[in-house]
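Please read the structure below before turning to the comments.
Every chain is numbered from 1 and lettered A, B, ... according to where its sequence line falls, protein lines coming before strand lines.
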Amino acid sequence: MLQINNIRQNPQWVKERLSVRNFPAIDLVDRILQTDDELRKIKVAAESLQAMVNAASKEIGAMMAKGDKELAENKKKEVAALKADIAEKSAELSALENEFNKNILQLPNLPHISVPLGKSAEDNVLVREGGRKPTLNSSAKPHWDLIKQYDWVDFETGAKLAGSGFPLYKGKGAKLQRTLIQFFLDYNTAAGYTEYMPPLMVNEATAYGTGQLPDKEGQMYHITADGLYLIPTAEVPVTNVYSNEILKESDLPVKMTAYTPCFRREAGSFGSDVRGLNRVHQFDKVEIIQLVRPEESYEVLEEMVKHVEQLLNLLELPYRILRLCGGDMGFTSALTYDFEVYSASQQKWLEVSSVSNFETFQTNRMKIRYKDEAGKSQLLHSLNGSSLALPRIVAALLENNQTDGGVLLPKALHGYFGAERL
RNA sequence: GGAGAGUUGUCCGAGUGGUUGAAGGAGCACGCCUGGAAAGUGUGUAUACGGGAAACUGUAUCGAGGGUUCGAAUCCCUCACUCUCCGCCA
C-alpha cells in the first residue's frame, strides 16, 4: 500500500510513475487526495468534539465528588448533545475511510526510476545471460518424457491422490528434490540468511500483509472452515514474522531464508507451457527475504540478484536475467528481476526466480519499522527472491544434461546427491 | 473436544467505574557523587494519527472487536492467544 504522505507530497510524481505501469491513476489519485482532505477535516472536528466530552466528563466527576448533583445532571445533558454530533461525524468519517481504503488499495506500487517502459513480457529488458546452452542430439526428450521413462515423477498417481497438477515424486526424483532443497538452504545460510520453517497456512491478516489479499484471493487455496489460506510462497509467512514490530538498527539487515511447499490454484491459466513440471499446483521453493533500511535497499537488491545468479552458475544452467517492464511487474513490486533458465528440449526459457524490491509497499501494510539514529521510527524496505523454485530447475537439469546413460548432475550437487548422475 | 486460570508500558508487577498514559520495582539514558567504577542520588524514559512555524496541543491505545455509562484497564458480550488438568493423538 502506498503511503498517503507521499501521495500528498507529490501527486504528480505518483501519477507519472503509475503511468509506467500503464495504470490510469489520475482520477483515482485525485479522488484519494480529495477523500483524504475531507477525512482529515472531519477527523479534526470529531476529535475536538470528543475533547469537549472528555473535559465535561472530568468536570462531572469533580461535581459528583463535591456532591453537586444538579450541576452534574445539567452537564450530562450538554454531553448528550455533543455525543449526537459526534455520532453524526463518525458516521461520515467511517464512510470516508471505507472509500479511502478501497481506493488506495487499488494503487499498485510505484515503479522505480529504472523500470523500463512496456506493456508485456516482450518489453522486458535483458540484463545479462550466463552459462552455455547445450547442444542436444535429435533423440533428446522433454523432461516429461524423461521422468516417465525413469519413473521419477508420477503425475497420474498424483492426480488420483489429489488432482491434476499435484506431482508425486518418486525414487531418485524425490531424492533430487531433497538434495536441491538442502543445497539451496546451505548456500543461503552460508551467505548469512537465517533459516526458518514457517507455518504453511496463514490467516487473513498475514495474507493481507504481503499483498496476496485482497486482490489475489482466487489464487490461493482457502480453508474456509478455519479461515486459513495455504501459502502460495514462503514470502507470505516469513515477511510477516516482523509485522507490527519496531526493529533496532542493530537488528538490521534482517536476512531470512525458508524452504516451503507452495500452493497455487492458478485458476484460469491456459497455454502451451503447462506440461510436465512447468506449472503445477504444489511445488517446492526456497525463498530469501530481507528487511533493510530504505537507503540500502537497491544495493541489497543487486546483491540478491548476484546471489541467485551464482546459484545458477553452480547448477551450470544457462540463464538470463530480465528487468521487468512496467506492464509486466507484480502489483506490489517497485523493481523486479526475473531469472529464466533455458530448457533445452523444450527450447524455452522458464522462469525460476523473481527478485524484487517492494520498498515500503508491504511494510506499510505490515507496519514493519525500525528506529533510526534520530530516534524516529520509519518503515523498512522489504525484498525477496526465489533461490530457487524447484520444478523448473529440475526440468532444465533433466533436459539439458540427459545422456543415454541417465542424467548428469552438476558438480555442486555430487556430494549432496551422493552420485554424479541420476 | 471438556474444565479452569490468565493476557497491563522494554521487562516484572499493582490497579474492580472518576486528573490512571497508567502506582511500585527493574532496565535503559543523561546528570550529580567517585581518581575510575560499583553503590548511592536526581531527572527522564510508549506508539500511532491529527492541528501548530515552534513551544506545544488534541484524539486513540492496558490481547482484539463491539456494548453499557456523562466517564471503562476496571462492568457486559464476542473472538484470538497463553498456561494447567482431562480426553485424543504423530
Side-chain angles (χ1 to χ4, degrees), chain A residues 1-9 32-101 103-105 197-209 213 222-229 237 240-252 261 360-380:
Chain A
M1 180 161 74
L2 294 181
Q3 294 174 259
I4 183 63
N5 283 341
N6 295 343
I7 302 178
R8 235 183 259 150
Q9 272 160 27
I32 286 169
L33 284 171
Q34 199 192 329
T35 312
D36 175 57
D37 200 46
E38 289 174 42
L39 196 68
R40 285 190 296 159
K41 278 198 191 114
I42 293 182
K43 211 169 176 179
V44 168
E47 281 181 2
S48 62
L49 286 173
Q50 185 63 48
M52 289 163 80
V53 169
N54 289 348
S57 292
K58 277 186 186 170
E59 288 176 42
I60 292 172
M63 291 169 185
M64 302 284 268
K66 267 197 268 171
D68 292 338
K69 279 256 160 60
E70 269 178 52
L71 278 176
E73 287 306 318
N74 286 337
K75 207 67 181 169
K76 281 190 196 182
K77 279 178 198 140
E78 279 177 41
V79 172
L82 287 172
K83 289 188 79 171
D85 280 357
I86 291 176
E88 203 177 294
K89 288 272 187 286
S90 57
E92 275 179 70
L93 194 61
S94 68
L96 283 170
E97 272 169 353
N98 286 340
E99 171 79 7
F100 177 82
N101 287 330
N103 287 333
I104 200 165
L105 281 172
M197 253 208 193
L200 304 182
M201 297 181 204
V202 294
N203 58 31
E204 210 171 283
T206 302
Y208 173 85
L213 293 179
H222 189 190
I223 295 139
T224 49
D226 301 288
L228 295 170
Y229 293 88
N240 274 283
V241 162
Y242 288 100
S243 63
N244 295 307
E245 290 191 22
I246 299 175
L247 299 169
K248 293 182 294 230
E249 286 248 41
S250 58
D251 296 328
L252 302 174
T360 59
F361 198 84
Q362 295 182 325
T363 55
N364 189 31
R365 287 191 182 190
M366 286 181 279
K367 297 282 170 275
I368 303 182
R369 291 159 294 178
Y370 82 108
K371 202 157 256 197
D372 65 19
E373 281 158 4
K376 199 168 156 47
S377 59
Q378 55 174 306
L379 295 171
L380 286 162

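With RNA chain B read from its 5' end, the first of the two nearest nucleotides for Ile60(A) and Ile4(A) is the one closest to Ile4(A). Comparing Ala62(A) and Ser48(A) against RNA chain B, the residue whose closest nucleotide sits nearer the 5' end is Ala62(A).
Within the nucleic acid shown, Lys376(A) has no heavy atom closer than 4.0 Å to any nucleic acid atom. Residue-level contact check: Lys367(A) touches neither bases nor backbone, having no heavy atom under 4.0 Å from any strand. As judged by a 4.0 angstrom heavy-atom cut-off over every strand, Lys75(A) is placed among residues making no nucleic acid contact. In this structure, Ala51(A) reaches the sugar-phosphate backbone alone: every heavy-atom distance under 4.0 Å involves primed, P, OP1 or OP2 atoms, never a base.
Nucleotides U43(B) and U47(B) place their C1' atoms 23 Å apart, quoted to the nearest Å. Nucleotides A14(B) and A26(B) have their C1' atoms positioned 15 Å apart, rounded to a whole Å. Nucleotides G25(B) and G35(B), compared at atom C1', are 33 Å apart to the nearest Å. When the P atom is used for both G44(B) and C56(B), the distance is 14 Å, rounded to whole Å. Comparing the P positions of U61(B) and A72(B) gives an interatomic distance of 8 Å, to the nearest angstrom. Look at the C1' atom in both G40(B) and C33(B): the space between them is 8 Å, to the nearest Å. To the nearest whole angstrom, the two P atoms, one in G21(B) and one in A46(B), are 15 Å apart. When the P atom is used for both C30(B) and A37(B), the distance is 12 Å, rounded to whole Å.
Between Gln50(A) and G58(B), a side-chain N or O to OP1/OP2 separation shorter than 4.0 Å is absent. Arg8(A) has a side-chain polar atom (N or O) that falls below the 4.0 Å cut-off from OP1 or OP2 of G50(B). At G58(B), none of the side-chain N or O atoms of Asn54(A) fall inside 4.0 Å of OP1 or OP2 (strictly under the cut-off). Between Arg40(A) and C49(B), a side-chain N or O to OP1/OP2 separation shorter than 4.0 Å is absent. When the side-chain nitrogen and oxygen atoms of Lys371(A) are compared with OP1 and OP2 of U47(B), one or more of them lie within a distance under 4.0 Å. Side-chain N/O atoms of Ser57(A) include none lying less than 4.0 angstrom from OP1 or OP2 on G18(B).
Note: CD (Glu204(A)) to P (G65(B)) measures 15 Å, nearest angstrom. Atom CD in Glu249(A) sits about 17 Å away from atom C1' in C28(B), given to the nearest Å. Look at CG on Asn5(A): it is 8 Å from P on C49(B), rounded to the nearest Å. As a whole-Å value, the separation of Lys76(A) NZ from G18(B) P is 14 Å. Counting to the nearest Å, the P atom of C49(B) and the NZ atom of Lys43(A) are 9 Å from each other. Residue Lys58(A) contributes atom NZ, which lies 8 Å from atom P of U19(B) at whole-angstrom precision. Distance Glu38(A) CD to G50(B) C1': 17 Å, rounded to the nearest Å. Look at CG on Asn244(A): it is 16 Å from P on G63(B), rounded to the nearest Å.
The pair Lys76(A)-Glu73(A) meets the salt-bridge criterion, since a charged nitrogen lies less than 4.0 angstrom from a carboxylate oxygen.
Using a 4.5 Å heavy-atom cutoff, the side chains of Thr35(A) and Glu38(A) are not in contact. Taking the side chain as every heavy atom from C-beta outward, Phe100(A) and Ile4(A) approach each other to under 4.5 Å. The closest side-chain heavy-atom distance from Tyr370(A) to Gln378(A) is below 4.5 Å.
Nearest nucleotide to the side chain of Ser377(A), out of G50(B), G18(B), A48(B): A48(B).
In Glu249(A), the CD atom is crowded: over 12 heavy atoms of neighbouring residues, nucleotides or ligands sit closer than 6.0 Å. The environment of CE in Met1(A) is crowded: more than 12 heavy-atom neighbours from other residues, nucleotides or ligands sit within 6.0 Å.
Identified under the salt bridge (Lys or Arg N to Asp or Glu O under 4.0 Å) test for residues 50-60 of chain A, with sequence neighbours left out: Glu59(A)-Lys75(A).
Nearest heavy atoms, Leu105(A) versus Arg365(A): CD2-NH2, 3.3 Å.
A donor-acceptor distance shorter than 3.5 angstrom exists from the side chain of Thr363(A) to the backbone of Leu380(A), with no hydrogens or angles considered.
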Using Watson-Crick or G-U wobble pairs with both distances under 3.5 Å, give me RNA chain B in dot-bracket, 5' to 3', with [ ] for crossers and | for pairs to another strand. ((((((((.[[[..)..(.....]]]((((((.......))))))((((((....)))))).[[[[[..)....]]]]])))))))....

